[in-house]
Each structure stands twice: as C-alpha cells, then as structure tokens.
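Let me begin by presenting the structure, written as structure tokens, before commenting on it.
In what follows, residues are counted from 1 in the order of the sequence shown. One-based numbering, in listed order, for ligands and for the atoms of each.
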Amino acid sequence: MTSLQTLLRGRTLTFTAEPYSPDDTHAYDYCEDGAILIEDGLIVASGDHATVNAQAKNARVIDHRPHLLMAGFIDTHIHFPQVQVIASWGAQLLDWLNTYTFPAETQFADPDHSANMAGRFYDQITAHGTTTAVAYCSVHKTSTDAFFTEAAQRNMRMIGGKVMMDRNAPDGLRDTPQSSYDDTKALIDAWHGKGRAEYAITPRFAITSTPAQMEMAQVLVQEHPDCYAQTHLSENHDEIAYTTELYPAARDYLDVYQSYGLLGPKMLLGHSIHLKPREIDALVETGAHPVFCPTSNLFLGSGLFDDAGLRARGITNAIATDVGGGTSYSMLQTLNEGYKVLQLQGQSLHPLRAFHWITRGNALALGLEDKIGTLAAGSEADVVVLDAHATEAMALRMDSVMSLAEELFVLMIMGDDRAVDQVYIAGQPSKRG
Ligand code: GUN
Ligand code: ZN
C-alpha cells in the first residue's frame, strides 16, 4: 500500500545559496505556479506545478494560491519559560533577569505549569511560522521534559536544554555542578535523537555558573560531541564587567567559554554584541556561531550587532527572537528590527538575504540544511504559507509592489502572525484557531 501524498499548490520560494540581490538568481528557486509534494512527512518534490504534479499519485491537493510557500522559519535562540516575561518594563539585562525573569522561571519547578506553558509556547511559535526553535528551558528538569514531550506530540524538530545555573540566582532556581551534570545527562539519554528532538547543553552564562559548573559543562560537551551547546556572550556592558570580575584569569568574556573547551561549530552564542578583536579571532578559529537577537537587543538597550563585520571574517551568524527579552515570536518582526539595527550601522539587509537567513541560513548555522530550511526533495515537510495582503495596510502597499523582492520586504517590515496563513509540520497543517 502506498501512503497518502499531499500536494500544496502556491507560489514556491526556496534557497540554494545565500543571495545578496534579485540578480543572484542562482541562489534561489521561485515558481509563480509552484507546488510541493509531500509523503510521510518529507518533501518528495517541489518547484514548477506541472512537473511536480506529474509525480503525484492520488495526492490530496491543498490550494494555497496566490500565497507564498516557503520552508518554515527557524528561531535559533528563545527562552521557553519566558512566555510570561515578554514585555516587562523598564530594566536592562541584569535587573531585568533579577526582577522579572528569575521569578517567572522559578514556577517551572511545577510539572503542571511546565506542561501548560509548553502547549502555549508551541501554539505561539507555530502561529508565527516557526517550525524549529533552539530553546533554553528553566533550571528544572521538569521544564525540559515538558518542552520535549509537547514537541514530540506535535512532531516538531526542536532543540533545547535545561539551563545549568548554580550561583547568582534565587532559591529554587539554582542547581549544583553535580546535579546539573546528572540532570543534563538524564535529559540527553531521554531525548537526544529521539524522533526530531536534539539536545543543547546549556550553561546559562558565565555569571550564573561557577568554575566547577563550567567544568561539568566541559565534560558534557566532551562526552556528547553530537549535542549542541548554547550560552550568552557579551550582551551588556555591566554583564561583561561582572563576568571579568568573576573570572579574573580569563583574557576576555569569550575566553571563559573557550578555556573550558565549549567552543566549536555546535556552539550558539546569544547576542555577541560587544566583541573584542581577540574574541572575533576565536570565533573564526572555533566555528562557533554568534546569534543576532535584534528585538531583544533593542528592548533591553543592549547594543548593535555587527553582522557585516563578523561576516567579513567568514563567521556564520544566526538570527533569533530571544523571547522574552525579545518582543515578538515572529521571525518576520525579528527581520524588521534587524533591518533597522543594521541600518544604524550603514548595513542594508536585502529581503532575499533576510528570508534566506531565517530559513536556510539558520539551518546552516545548525548544520541541519539537509533536513530543514529549504524545500529540497528529501527535506522534512515543514512549510509556512505567507500572505502579503494579510492586513489592510499591507494590501494597500502591495497594490504598488512590482517584484518578489519588494513583496518579501513588505512581509518582513509589516508582517507578523497575521501574515502566516498556514503552517505545515512534517506535512500536517498545524496552525490553530
Ligand atoms: N543572559 C543570561 N540569561 C539571559 C536571558 O534569559 N535573556 C537574555 N536576553 N540574556 C540572558
Ligand atoms: Zn537569551
């Protein structure tokens, strides 16, 4: 018996390389009359409708014309226990953590709260077109189990980990070097490589980990080279100064992580704003990935990420929401604010490069470009359906739009969850409500 196929019809856009302008036509495939053929959660074929349709056998057809079909968005840095921290007023990083974030995360010791919030979290990211996220859970094992349990129920490709934090945090939000090792180990055993789940070893940042805990993180990374790792780096000046006090032997902030052997292509470094030349050299040498978090960097007054400067050194930057320091679950709104942050530095983010970044670009940073981030045959069928006429203001602007690049720019500047008409997770329609 052959399994049921689904054929999505619409305008298809997918990337094969990073484009800089519409002239880089070799970098993307765009079909006005396009289709995606899906079977068993995987893409069988995509591109020109007539060609794709010729391969279909009894496929269920879902017609999304005139909307745009793209690979689902990838958010490379988000805090699952901060769904009720987003939009908290008046503080910069360290005060914001102590005043709002740590109290909210304390509640995730409760498995019921964790399970409830996990459902709400996935509803939100899915509604906004995000089909893969790399998440920080709370210090509690319960929150990480809830995060992966709900992802498994929804068959979503998710990466995440329990934060390791053993100091400078309130009661109920600290582990110990040993318990952080034991819990992380148990979570890796339970989840890493199960279905679509992958684990990220997650020392929260230098301020909340003692040297003894950093040693445990080092052992974990050595024992599990196939796991991701993630932490925060050089987000805020007070944070950097305090880190230097806590680790006086380190040459600079990044050297804390480097000296414990945490850097490599699987390491994601949230923020990476105020970097010194030696730190940038170390990023080049190790292949670790800075993560640009524009809405958060603006909201917390943290600073301006130097995308062009890092790229010029051959570094692959990822981009992310960083909810709840970030102010939107939408990768479209993330591009909107990212565009402005780069404008302030004389860097212009072209819309084609922008949409490459939140799909194939982030997949490249994760080493997952063969599984997600494009519509290539063999990829997992995570697809977003975009409507550039979603609001009256967008429709009015679209009346004068003449090209795909202009349409993408309207989507990234004016779009949010309203512009996400449908989302497919492994071939299943998944946007609720
Ligand atoms: N640094 C350490 N923890 C956090 C966090 O939760 N959010 C942000 N933006 N920075 C951090
Ligand atoms: Zn963060």
Side-chain angles (χ1 to χ4, degrees), residues 75-88 90-108 117 121 125 133-140 143-144 147 159-170 173-175 180 200-210 213-214 217 228-243 246-247 253-254 256-257 262 267-274 289-305 318-329 334 337 341:
D75 185 350
T76 52
H77 182 127
I78 185 166
H79 295 260
F80 148 56
Q82 294 178 17
V83 288
Q84 295 185 315
V85 176
I86 187 170
S88 293
Q92 295 213 347
L93 178 62
L94 299 179
D95 288 337
W96 174 84
L97 285 171
N98 288 318
T99 310
Y100 301 113
T101 308
F102 289 163
E105 292 195 11
T106 308
Q107 299 175 61
F108 285 73
M117 289 298 147
F121 171 81
I125 66 169
V134 187
Y136 289 65
C137 302
S138 75
V139 73
H140 317 98
S143 74
T144 315
F147 170 82
I159 302 167
K162 155 210 143 56
V163 290
M164 304 166 70
M165 50 193 294
D166 67 344
R167 67 171 168 189
N168 289 318
L173 208 62
R174 290 187 310 271
D175 51 17
S180 70
I201 297 161
T202 309
R204 183 177 199 128
F205 67 156
I207 291 178
T208 47
S209 287
T210 60
Q213 183 163 66
M214 285 297 180
Y228 292 92
Q230 59 180 347
T231 188
H232 295 86
L233 172 69
S234 290
E235 177 175 3
N236 166 291
H237 292 298
D238 291 345
E239 172 213 19
I240 296 167
Y242 191 23
T243 299
L246 291 170
Y247 285 93
Y253 194 159
L254 186 60
V256 176
Y257 305 134
L262 301 183
M267 171 56 106
L268 300 167
L269 296 161
H271 306 285
S272 300
I273 299 170
H274 310 287
H289 301 288
V291 184
F292 180 24
C293 305
T295 72
S296 171
N297 296 346
L298 293 173
F299 181 72
L300 294 175
S302 300
L304 306 179
F305 180 86
I319 183 166
T321 64
D322 189 34
V323 164
T327 53
S328 172
Y329 292 94
T334 301
E337 301 295 294
V341 167

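Against a heavy-atom cut-off of under 4.0 Å, Asp322 is close to the following atoms of ligand 1: 8 (C), 9 (N). Set against the non-hydrogen atoms of Leu93, the atoms of ligand 1 under 4.0 Å away are 8 (C), 10 (N), 11 (C). Within ligand 1, counting atoms from 1 as listed, the ones closer than 4.0 Å to a heavy atom of His79 are 5 (C), 6 (O), 7 (N).
Using modelled atom types and a 3.5 Å distance limit, the side chains of Asp322 and His271 yield a donor-acceptor pair. The closest side-chain donor-acceptor pair between Asn297 and Glu337, if any, does not fall under 3.5 angstrom.
Annotation: atom 10 (N) of ligand 1 to nearest protein heavy atom, Glu235 OE1, 2.7 Å. Summary of contacts: the protein heavy atom closest to atom 7 (N) of ligand 1 is Trp96 CZ3, 3.4 Å. What sits closest to atom 1 (N) of ligand 1 on the protein, heavy atoms only, is His232 CG, 3.4 Å. The protein heavy atom nearest to atom 6 (O) of ligand 1 is Arg204 NH2, 2.7 Å.
In terms of distance to the Zn ion (ligand 2), the nearest N, O or S atom of Asp322 is named OD1.
Proximity of a side-chain donor or acceptor of Thr321 to a complementary backbone N or O of Tyr329 within less than 3.5 Å is not detected. Under a 3.5 Å cut-off, the side chain of Tyr257 and the backbone N or O of His232 do form a donor-acceptor pair. Under the 3.5 Å distance criterion, the side-chain polar atoms of Ser328 are left unmatched by any main-chain donor or acceptor of Thr334.
Residue Glu239 does not touch ligand 1, judged by heavy-atom distances below 4.0 Å. Within the 4.0 Å heavy-atom criterion, neither part of Ile207 lies near ligand 1.
Counting only heavy atoms from C-beta outward, the side chains of Leu173 and His140 approach each other to under 4.5 Å.
The Zn ion (ligand 2) forms the vertex of an angle spanning NE2 of His232 and NE2 of His77; to the nearest 10 degrees it equals 100°.
For an aromatic pair to be called close, the ring centres must be under 6.0 Å apart, and Tyr136 with His77 satisfies this.
Within the model, atoms CE of Met117 and CD of Gln84 stand 3.5 Å from one another, a figure rounded to the nearest 0.5 Å.
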